[in-house]
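Right, one structure below, let's go through it.
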Amino acid sequence: MSGTLIFGLAACGLVGCGLYGAFAHAAPVRRVLSFNLLGAGVFLLFGVAARRGAAAGLPGDPVPQALVITGIVVAFAATALALTLLRRLAAIRAAERSVGGLRDEPKGR
Amino acid sequence: MGVAITTGPLLVLAVVMPVIGVLAMLAMPWLGIRRPATVVLGVVAGGIAIATAIIIDLLRSREAIVYVLGGWAPPLGLQFRADGLSGVMMAMATLVIAAIALYARPHFDAAEDATGGRRAFAFWSLLLGLWSALNLVFLGQDLFNLFVALELLTFAAVPLVCLDGRAETIEAALRYLVFALVGSALYLLGTALLYGQYGTLDIAALHGLTAANLATHAALALMIGGLMAKAALFPLHLWLPPAHAGAPAPASAVLSALVVKAPFFIILRLWFDVLPATSHAAAAQVLAALGAVAILLCSLVALRQQRLKLMIAYSTVAQIGYLFLMFILIEPGGAPSTTIGWTGGMLQLISHAFAKAAMFLAAGLIAEALGHDRIADLAGAGRAVPVSVFAFGLAGLSLMGLPPSGGFIAKLLLLNAAVLSGAWWIILVISLGGMLAAAYVARVLKRAMAAPARAIETRPVARISEWSALGLALGAVALGFVPLQPLGMLAIGRAALP
């Protein structure tokens with residue numbers, strides 16, 4: 001079994017886990033985590049592409065690596081945005097509960 | 001090439017100009033400007049000038065404008081390319097954003113340090129960011145570049161959804177964000193597969209390279225699936241109604257009219273420029289079937305809504321369905337851009353953008369005047385805000401597909417294309433969809449024109465807002481006067497693709 005094959009299969013596994021999590025979990029934090037898992041799988045796949053698509057004599061193709069770096073920045077920004085929204089939502093919910101007094105029932109999760 | 005050298009930098013300017021506007025907004029205290037709206041209106045004027053120059057140049061030279069960024073040619077560098085289709089999309093986005101900016105000015109006019117100033121600042125900077133991302137989507141030629149553009153679009157659109165900061169709008173924004181992020185991750189996955197196979201992401205280069213094999217089809221299926229979630233095609237539309245209905249009216253207008261069109265535009269590019277031109281009839285059938293279900297089901301759901309803005313949001317999902325009928329109406333191979341199916345689909349896209357923006361803006365004014373948007377209690381709106389109700393009706397005319405309106409010509413062209421390709425069930429779907437649209441628009445108009453049972457209290461609305469909603473509705477109607485044949489403008493630069 002070659003290295004690229006192992007990494008390729010690992011990427012597929014990560015993508016599968018991420019997709020499952022994003023669809024199956026209702027809790028927003030888990031969905032954000034699943035998205036990150038999915039993203040990690042995609043980035044790993046780019047790495048595999050870099051190894052496979054390498055020009056003769058070079059250890060790797062630099063273009064996918066540049067793409068992965070950009071992709072990580074974008075995924076980081078997306079995660080930050082999602083978590084900020086979540087924090088804000090949690091703060092509003094907490095305020096509602098403290099005003100509502102007895103009506104203390106966290107919705108769903 | 002002489003033409004390309006002189007007007008190419010305009011393409012860069014179209015993307016960068018809104019960003020310069022955002023930077024100018026940050027520098028406002030030093031520039032002596034107190035209101036962000038002033039800066040934005042200046043940028044909008046500049047944007048209109050740029051779009052006009054690009055359209056004039058396209059019409060004069062009859063070929064695509066190409067600009068190679070930094071002199072680095074693809075496949076390593078990036079290039080911007082404006083063909084007739086991109087030019088039309090840019091012009092549409094510019095006009096809609098200009099009208100929305102005029103509409104929103106009285107609503108988001110607070111100076112930065114006044115109450116509501118932070119909200120106004122956020123709205124205007126997000127609007128400009130969104131505009132820049134849209135232009136990047138229309139001009140980009142590199143699949144990864146388009147991914148970044150899509151993400152920029154999402155990052156600008158999501159905060160617009162929860163601009164007023166209520167818990168339910170934040171929930172809607174979160175749901176939208178999750179759908180959009182999974183969609184873009186799938187898109188990126190497809191990009192990785194394509195790069196692994198062909199070693200390039202430039203659309204023009206891929207056009208000649210792609211072969212009909214499993215990896216290519218899987219990659220494109222992943223990318224189109226991801227984009228479908230972003231474009232809210234049934235059954236991936238669940239995020240759209242709460243998100244678009246909860247946002248402030250001008251934000252809803254820009255989300256429904258423009259933001260969902262950008263992923264659709266990329267699907268078009270992938271389908272016609274990247275997908276190898278053999279044997280994807282089955283995929284076209286699936287997309288068209290989903291579109292048909294979207295038209296029928298979501299029109300019915302729209303008919304049953306109690307709130308005006310939710311009804312308009314469901315109508316967006318239904319109207320997006322018409323766009324996906326295109327794939328079955330255009331035969332693979334040949335020059336798709338010279339068929340009436342292509343022209344009908346693009347006309348549907350443009351007239352929906354104008355009509356839906358007008359409708360959301362008018363609904364916002366009706367809600368502002370009456371203090372609520374319950375359809376059952378709309379009586380008296382016709383007297384309180386007559387111009388807005390008229391704009392709503394005109395926009396509805398285009399959604400139903402009644403003459404003379406852009407929606408009418410678009411649906412007629414789609415019907416003709418359906419007759420030509422023998423897809424009889426599409427004829428049925430389009431006719432039924434039109435009737436359902438007529439039903440939900442008429443339901444609102446009937447209530448709005450009725451006299452209220454008891455005297456109601458109404459608030460005055462800004463006149464400029466009313467007239468900009470009406471202007472957009474008139475734009476949708478004016479599209480009804482384009483000739484009933486394949487449009488030359490949409491075909492500029494399409495045939496020349498290597």
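The chains referred to below are lettered A, B, ... by the order of the sequence lines, with proteins before strands, and numbering in each begins at 1. Keep in mind the model is a prediction, meaning the values are calculated, not measured.
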Of the options [options], which is the one that meets [X] in a side-chain contact (heavy atoms from CB on, under 4.5 Å)?
X        : options                                : value
B:Leu134 : B:Val254, B:Leu152, B:Leu258, B:Val259 : B:Leu258
A:Leu38  : A:Leu14, A:Leu33, A:Val15              : A:Val15
B:Val260 : B:Lys230, B:His237, B:His244           : B:His244
B:Leu220 : B:Val274, B:Leu193, B:Thr210, B:Ile267 : B:Val274

Check whether the ring centres of B:Phe138 and B:Phe265 lie less than 6.0 Å apart, and answer yes or no.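 Between B:Phe265 and B:Phe138, which both carry aromatic rings, the centre distance is below 6.0 Å.
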Is the centre of the B:Phe147 ring less than 6.0 Å from the centre of the B:Phe144 ring? yes
Is chain A contacted by the side chain of B:Leu189, its backbone, both, or neither, given a heavy-atom distance below 4.5 Å? both
For B:Leu186, is it the side chain, the backbone, both or neither that has a heavy atom under 4.5 Å from a heavy atom of chain A?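 Only the side chain of B:Leu186 comes within 4.5 Å of chain A.
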Which one wins on heavy-atom pair count under 4.5 Å against chain A: B:Leu188, B:Val182, B:Leu201?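 If we count pairs closer than 4.5 Å to chain A, B:Leu188 comes out on top.
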Quick check on the interface: out of B:Ser184, B:Ala167, B:Gly199, who has the most heavy-atom pairs with chain A under 4.5 Å?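 Greatest number of close heavy-atom pairs with chain A: B:Ala167.
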Toward chain B, the part of [X] with a non-hydrogen atom under 4.5 Å:
X       : result
A:Leu85 : both
A:Ala66 : neither
A:Val73 : neither
A:Leu19 : side chain

Shortest non-hydrogen contact from B:Thr191 toward B:Met223: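 Closest pair (atom of B:Thr191, atom of B:Met223, distance): OG1-CE, 3.6 Å.
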Hey, which of A:Leu67, A:Val74, A:Leu81 has the most heavy atom pairs under 4.5 Å with chain B?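 Top option by heavy-atom pairs under 4.5 Å: A:Leu67.
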